[in-house]
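Accompanying notes for the structure given below.
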Amino acid sequence: MTDPSSPTIRTDRLVLSRFASEDAATLFAYRSDPDVNRYHGWVPANLEEVVAFVGEQRVLAFDTPGTWFQLAMRERDGSDLVGDVGVRFPDPDTRQVEIGVTVMPAAQQRGYAAEAVNGLLGFLFETCGKHRVFASVDPRNAASIALLRRVGFRQEAHFRESLWIRGE
């Protein structure tokens, strides 16, 4: 069983776990790509910022309220980083969880995002005993909306102009 304080989640093709320091360059490469980060709140300015981020993530407690905890998404049969999933516990009552997922361009269209989200949902509900998982998505992000519907999420609301991302 996976330890909720330091999760490692295995699916058929993926492993979700803490970042390694050597992940910084790959993480920077895809997270700084405008096609990837169009709907993201965090766009790294430089590699040094990502190195610091990875260092913080390596020691951050998984369920720290109000903080995004990112898990590296790797192919299971190797150590190649293909993306990341984020988990945020919005308040001290950590029974609710917000999630997000990012897949690097070379690994998109392979079903990795759905597989990672399904693995994460299993971990959050079964291992961690969470009550509710949600995602906040820019309504223009059709791919993310389709992904979430495919894995069983339902749209509960459409808050107009509720997200402010890089001046929009």
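Excluded from the calculations below are hydrogen atoms, water molecules and symmetry mates; all remaining heavy atoms, backbone and side chain alike, are included. These figures come from a predicted structure and were not determined experimentally.
- Of all heavy-atom pairs spanning V103 and A113, the tightest one is CG2-CB, 3.9 Å.
- Evaluation of the ring-ring contact (aromatic ring centres under 6.0 Å, His included) test over residues 86-107, restricted to residues two or more places apart or in two chains, returns F62-F89.
- Taking each heavy atom of L14 and E115 in turn, the nearest pair found is N-OE2, 3.6 Å.
- L120 CG to M73 CE: the interatomic distance, rounded to the nearest 0.5 Å, is 9.5 Å.
- Formation of a donor-acceptor pair under 3.5 Å by the R74 side chain with backbone atoms of G83 is not found in this model.
- Screening residues 44-54 for side chain to side chain donor-acceptor pair (under 3.5 Å), with sequence neighbours left out, gives W42-E49.
- Note on V137 and F134: separate hydrophobic clusters, where clusters join Ile, Leu, Val, Met, Phe, Trp and Tyr whose side-chain heavy atoms are under 4.5 Å apart, directly or indirectly.
- Partners of R58 by side-chain hydrogen bond (donor to acceptor under 3.5 Å, both in side chains), not counting sequence neighbours: none found.
- From T102, atom OG1 reaches atom OH of Y30 across 6.5 Å, with rounding to the nearest 0.5 Å.
- For the atom pair CG of L121 and CD1 of I99, the computed distance is 5.0 Å after rounding to the nearest 0.5 Å.
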| said: Would F123 and C128 count as a side chain to side chain contact (heavy atoms under 4.5 Å, CB included) here? Give the steps. | reply: CA-CA 6 Å; F123 173 76; C128 299; 3.4 Å; yes
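- Side-chain atoms of N118 and T11, non-hydrogen and from C-beta on, never get closer than 4.5 Å to each other.
- In this structure a side-chain-to-backbone donor-acceptor pair under 3.5 Å is missing from Y39 to S144.
- Taking CG of L60 as the reference point, atom CZ of F19 lies at 12.0 Å (rounded to 0.5 Å).
- The backbone N or O of D138 sits nowhere less than 3.5 Å from a side-chain atom of N141 that would complete a donor-acceptor pair.
- Cluster annotation: V133 and L147 are assigned to the same hydrophobic cluster (Ile/Leu/Val/Met/Phe/Trp/Tyr, side-chain heavy-atom contacts under 4.5 Å, transitive).
- Residues that satisfy the ring pair (Phe, Tyr, Trp, His ring centres under 6.0 Å) test with Y112, not counting sequence neighbours, are absent from this structure.
- Remark: R149 CZ is loosely packed, at most 12 non-hydrogen atoms of other residues, nucleotides or ligands lying under 6.0 Å away.
- The main-chain N or O of Q57 is found under 3.5 Å from a side-chain atom of R18 such that the two form a donor-acceptor pair.
- Here the shortest heavy-atom pairing between A45 and F28 reads C-CE1, 4.1 Å.
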Which atom pairs, donor and acceptor, lie under 3.5 Å between side-chain atoms of residues 64-72 and protein residues at least two apart or in another chain?
from : atom 1 : to  : atom 2 : distance (Å)
T64  : OG1    : A61 : O      : 2.9
Q70  : NE2    : D84 : OD1    : 2.7

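- Heavy-atom minimum distance, Q96 versus P90: O-CD, 3.2 Å.
- A distance of 5.5 Å separates CG in L81 from OG1 in T26, rounded to the nearest 0.5 Å.
- The nearest pair of heavy atoms linking A116 to L16 is O-CD1, 3.7 Å.
- For V51, the side chain to side chain contact (heavy atoms under 4.5 Å, CB included) test picks out A24, L47, with sequence neighbours left out.
- Side-chain heavy atoms closer than 4.5 Å link hydrophobic residues (I, L, V, M, F, W, Y) into clusters, and following such links, even through other members, never connects L124 to V15.
- When the options R10, R13, R110 are evaluated for a salt bridge (charged side-chain N to carboxylate O under 4.0 Å, His left out) with E75, the one that passes is R110.
- Side-chain atoms of R31 never come within 3.5 Å of backbone atoms of M104 as a donor-acceptor pair (strictly under, hydrogens ignored).
- To the nearest 0.5 Å, atom CZ of residue R88 and atom CD of residue E98 are 4.5 Å apart.
- Across all their heavy atoms, P105 and D33 have their closest contact at CG-OD2, 3.7 Å.
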